[in-house]
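A short worksheet on the structure shown next.
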Amino acid sequence: MVNPRPIVIVVTSTMLWAQDAVLEQITSDALSTPDLDRIEFYSDNPLLLDSARVEDILQLPLLSRTTARRIVSILRTKKPQTIAALCDAVGCSEEERYVLGRCAKLGGSSRAKVPLSVRSRAMLWATPPSAATDGRFRGSPHELYTRAHMVAGNTAVAALANKDAGEPLVADFLSASIATRLDNIGIIIGDYYAEMGLGLVLWRPFGARKGTDVVTPCTEFGRGFQQYRSALEYRFFRGVAVEYPLAVADGTTILVRAGLSALPRSASLDTVGGVITSLATDGYHRSSTEIARRRNVTERAALGALELRTSQFVCGIAALMLDYPMPVTSSSTLAMPARRGLFASAYALQNTDNTTWTAELARDYAGNVATRAGLEFRTTPATIALGGRWYAPMFRAPYGYNFGESSQPTNEAGIYLGVRARLATGLENLFYADVYRHTAPIGTLPRLRRGVDVFNETRVRLRRGASLLVRLRQEHRTEDRSTDAGSVAEEILRSTLRCELQHSDDAGVTARFRIEGVWQIPTESTVSTPEHGLAAFGELSIPLSAQLSIGGRLTAYSTASFNSAVYTFEQLAPGLLVSVPLYGRGTRWFVYLRCVATEHITFWVRYGATERLNVASLGSGLTEVPGTHEGRAYIQLDVRM
């Protein structure tokens with residue numbers, strides 16, 4: 001999908017901040033995630049805020065319920081004429097401004113702006129991996145991706161085909177769904193995911209992580225059933241889902257949600273023992289071994305929720321039943337080690353114009369308990385969030401989510417504080433502190449592991465078009481290190497300092513320079529030695545005309561090892577991003593070209609390469625590339641009707 005405000009071509013340096021911050025919050029690895037897909041969808045079909053309800057606005061990523069309520073309240077009274085003026089009146093963060101600017105509009109028709117959009121993308125290796133030449137890949141080493149969206153009235157249709165490198169089928173993964181409303185009844189047929197309560201039992205893949213959105217994740221509340229539009233091959237359902245609201249009194253509604261699913265999963269089987277030893281979550285079917293396990297079991301699920309809703313209060317219960325053809329013995333936190341099990345939770349939300357609190361209590365298939373609560377309080381200069389969590393060591397929720405140190409709600413307790421403050425015109429500060437602990441086995445004994453994670457980012461607008469960002473993050477945690485005598489616990493202090501300067505002019509030319517250092521220091525060890533890493537990049541984006549834009553980035557890095565790696569985000573193509581760990585010594589660069597061929601057709605080409613000195617190969621596993629150099633090209637075509 002292409003939109004008139006694309007991810008790469010931006011007009012202000014503060015939008016660059018927000019863009020990077022949003023991408024860090026909602027993406028992981030080289031994947032398109034549900035939140036990113038939702039931004040892309042609403043970019044082509046902006047939400048009309050004039051008639052939107054709070055629940056409609058909450059369909060947009062990274063917007064809290066408090067922000068949504070303030071938007072509705074201000075639109076009823078002040079009637080701002082632009083999204084920028086609305087954001088000023090609400091007091092939105094830069095991330096919220098970015099999402100609203102791309103995904104919403106004021107005035108005009110609610111009719112879909114882009115009823116039909118088609119995207120096709122290919123990744124081509126310039127330096128093929130060893131598996132492509134030694135026969136381990138059973139198919140072409142190139143990646144292929146195609147998806148289509150169509151909107152007509154209250155009906156939306158989505159279809160997707162994806163092939164990873166080395167897979168023999170051109171469409172190894174297929175996904176399709178249709179979502180519609182019949183009177184007040186919402187129906188999804190095909191692929192969908194579910195968000196209920198705070199997500200202890202049911203949530204989307206890749207929920208928000210700790211980062212620059214220091215407030216919203218604490219009280220983020222489930223949106224119910226959502227159409228699935230991503231290429232991730234697990235943590236979604238395939239079948240039918242229904243939502244039906246029942247009005248019981250003036251302003252009071254009972255919302256009934258129910259769904260059924262039968263999803264093929266790839267698994268490793270012990271046919272002698274009659275058990276499933278592991279459930280794959282990578283979606284790869286490239287080698288003979290991976291192909292042998294390709295979608296060889298069916299995961300059946302029944303799920304639902306019952307909610308009582310008023311304008312300021314929500315309470316509900318949710319349940320998920322999972323069933324496999326044979327018992328699962330995997331110890332992974334992403335699996336239920338049983339053949340059949342029931343997960344359930346009770347949750348509540350209270351919301352006013354300035355305050356939101358949420359809470360959820362859950363029970364897994366084996367009776368283990370988890371609980372989580374959050375509070376958001378907004379004042380004129382600052383917004384404060386407070387969160388707490390406690391998950392039993394053996395709590396398992398394959399479709400659950402944790403906003404904390406681990407992404408899975410298991411074996412963790414912690415307290416989180418986040419503060420977003422606008423200190424002055426052009427000066428914003430973001431802060432969070434997270435104190436957590438969990439247990440880990442050393443030999444046959446459980447031992448306590450703890451950590452303190454502190455983050456602070458200051459953003460300054462220096463003058464028209466120029467901005468400065470300074471970020472410091474420190475995490476002091478317990479890590480386990482393998483030795484000849486067995487595992488030992490170490491206290492590690494990891495510090496990251498980032499400084500970034502950005503500039504944009506009236507012609508749309510944007511430039512960025514970033515330098516980031518990492519220091520990892522063992523604070524209670526006589527064996528390990530301190531490590532440090534450093535990376536810096538320069539980036540330039542130039543619109544040559546209304547139809548043609550070019551840009552690129554050059555990064556140089558030097559770190560002692562992977563432990564002191566510096567992570568950076570890159571856009572491989574619109575809608576596809578990657579988080580890159582830079583370690584060792586070398587360079588990484590890319591260049592791109594974006595061409596708007598016609599009003600309806602946009603073309604994107606990107607080539608990038610990585611050079612790491614003094615190594616025999618780059619990468620690992622089936623995508624390991626021999627030598628010190630790796631190069632890839634991405635080509636993408638977007639058609640919008």
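Considering all non-hydrogen atoms of both residues, Ser541 and Pro543 come closest at O-CD, 4.0 Å. What you find for Arg138 and Ser288 is that their closest heavy atoms are CD-OG, 3.7 Å. Ile276 approaches Met326 most closely through the heavy-atom pair CG1-CG, 3.3 Å. Closest approach of Asn563 and Arg494 over heavy atoms only: O-NH1, 2.6 Å.
Ring centers of Tyr399 and Phe343: at least 6.0 Å apart, outside the cut-off.
Using modelled atom types, one side-chain atom of Tyr401 and one backbone atom of Ala208 make a donor-acceptor pair closer than 3.5 Å. For Thr559 (side chain) and Gly584 (main-chain N/O), a donor-acceptor pair under 3.5 Å exists by modelled atom type. The backbone N or O of Gly400 sits less than 3.5 Å from a side-chain atom of Arg235, completing a donor-acceptor pair. At distances below 3.5 Å, not a single donor-acceptor pair connects side-chain atoms of Gln226 with backbone N or O atoms of Glu195.
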Margin query: Does Lys210 form a salt bridge (charged side-chain N to carboxylate O under 4.0 Å, His left out) with Glu405? I'd like the steps, not just the answer.
Written below: CA-CA 8 Å; Lys210 289 187 290 186; Glu405 188 65 13; 2.8 Å; yes
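Sorted by first then second residue, the salt bridge (Lys or Arg N to Asp or Glu O under 4.0 Å) pairs that include residues 624-634, not counting sequence neighbours, are Glu630-Arg632.
Annotation: cation-pi geometry not satisfied between Arg229 and Phe236 (NZ/CZ under 6.0 angstrom from ring centroid, within 45° of ring axis).
Listed by chain and number, the residues in a salt bridge (Lys or Arg N to Asp or Glu O under 4.0 Å) with Arg286 are Glu290 (sequence neighbours excluded). By the side-chain hydrogen bond (donor to acceptor under 3.5 Å, both in side chains) test, Arg300 pairs with no residue at all, sequence neighbours left out.
Asp37 and Arg119 are not joined by a salt bridge, as no carboxylate oxygen comes within less than 4.0 angstrom of a charged side-chain nitrogen.
For Arg265, the CZ atom counts as densely surrounded, since its 6.0 Å shell holds more than 12 non-hydrogen atoms of other residues, nucleotides or ligands.
Classification of the Tyr592-Trp604 ring pair by plane angle, with boundaries at 30° and 60°, yields parallel.
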